[in-house]
Amino acid sequence: MPIMTLISPGPEAPPATAVPLIDSPAAKVMQVQPQVSATQVRADLATMIERLPDSADAAILREEFTAVYQRLEGVTNVDEANTIVGEGMLNIADRLGTNPNADRVIKILYEIQEPEAQKQAAHPLLKQSAWGWIS
């Protein structure tokens with residue numbers, strides 16, 4: 001069987017007209033976070049560092065967040081700030097790959113988020129197991 005047959009939508013794909021319109025009451029629109037300034041990124045990171053518990057499991061997060069916070073000093077371009085934060089998150093991911101307590105560190109990451117971010121992460125649309133014809 002050719003690969004294209006496996007990944008191309010077949011007759012079970014819903015027609016485009018089945019998608020609810022934005023003005024429709026059936027449409028559920030999630031709020032998109034507006035782009036923030038580099039200064040705000042640094043301030044948000046400082047808040048996350050303050051929320052970290054004083055535990056061995058949080059040490060990786062504290063080290064990496066502090067390093068990112070220091071790298072953000074003087075940065076004014078939001079794209080550059082986002083790149084620095086992204087590199088920091090990749091460093092955390094690399095370190096978690098070899099950490100036997102990665103699940104506890106990830107739990108800490110979830111717990112230090114803003115309450116609104118936790119609410120969005122628990123949104124029912126994000127918990128759906130079937131996404132249209134991809135189920």
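FYI, side chains are in, hydrogens and waters are out, and symmetry mates aren't considered; it's all heavy atoms of this structure.
- For D103, the CG atom sits in a packed shell: over 12 heavy atoms of surrounding residues, nucleotides or ligands are nearer than 6.0 Å.
- If you take CG on L72 and OG1 on T39, they are separated by 9.5 Å, rounding to the nearest 0.5 Å.
- Remark: N101 CG to I106 CD1 distance equals 11.0 Å, nearest 0.5 Å.
- For the side chain to side chain donor-acceptor pair (under 3.5 Å) test, no residue two or more places apart in sequence or in another chain qualifies with N99.
- Separation of atoms OG1 (T47) and CD1 (I112) is listed at 10.0 Å; rounding is to 0.5 Å.
- Residues L90 and L96 do not share a hydrophobic cluster, clusters being chains of Ile/Leu/Val/Met/Phe/Trp/Tyr side chains in contact below 4.5 Å.
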Subject >> E111 and R51: CA distance, side-chain angles, deciding distance, salt bridge (charged side-chain N to carboxylate O under 4.0 Å, His left out) verdict >> reply: CA-CA 9 Å; E111 291 170 349; R51 289 184 180 159; over 6 Å; no
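- Atoms CG and CD1, on N91 and I60 in that order, are 11.0 Å from each other to the nearest 0.5 Å.
- Put simply, CG on D57 and CG on L109 are 11.5 Å apart, with the number rounded to the nearest 0.5 Å.
- Across all non-hydrogen atoms, the minimal contact from V68 to G88 is CG2-CA, 3.6 Å.
- Of all heavy-atom pairs spanning F65 and L52, the tightest one is CD1-CD1, 4.0 Å.
- A donor-acceptor contact shorter than 3.5 Å links the side chain of T98 to the backbone of R95.
- Salt bridge present: E87 and R71 bring a charged side-chain N and a carboxylate O closer than 4.0 Å.
- Residue S37 comes nearest to V78 through the heavy atom pair C-CG2, 4.1 Å, listed as atom of the first residue, atom of the second, then distance.
- Remark: E64 CD to L45 CG distance equals 11.0 Å, nearest 0.5 Å.
- Using modelled atom types, one side-chain atom of R62 and one backbone atom of P53 make a donor-acceptor pair closer than 3.5 Å.
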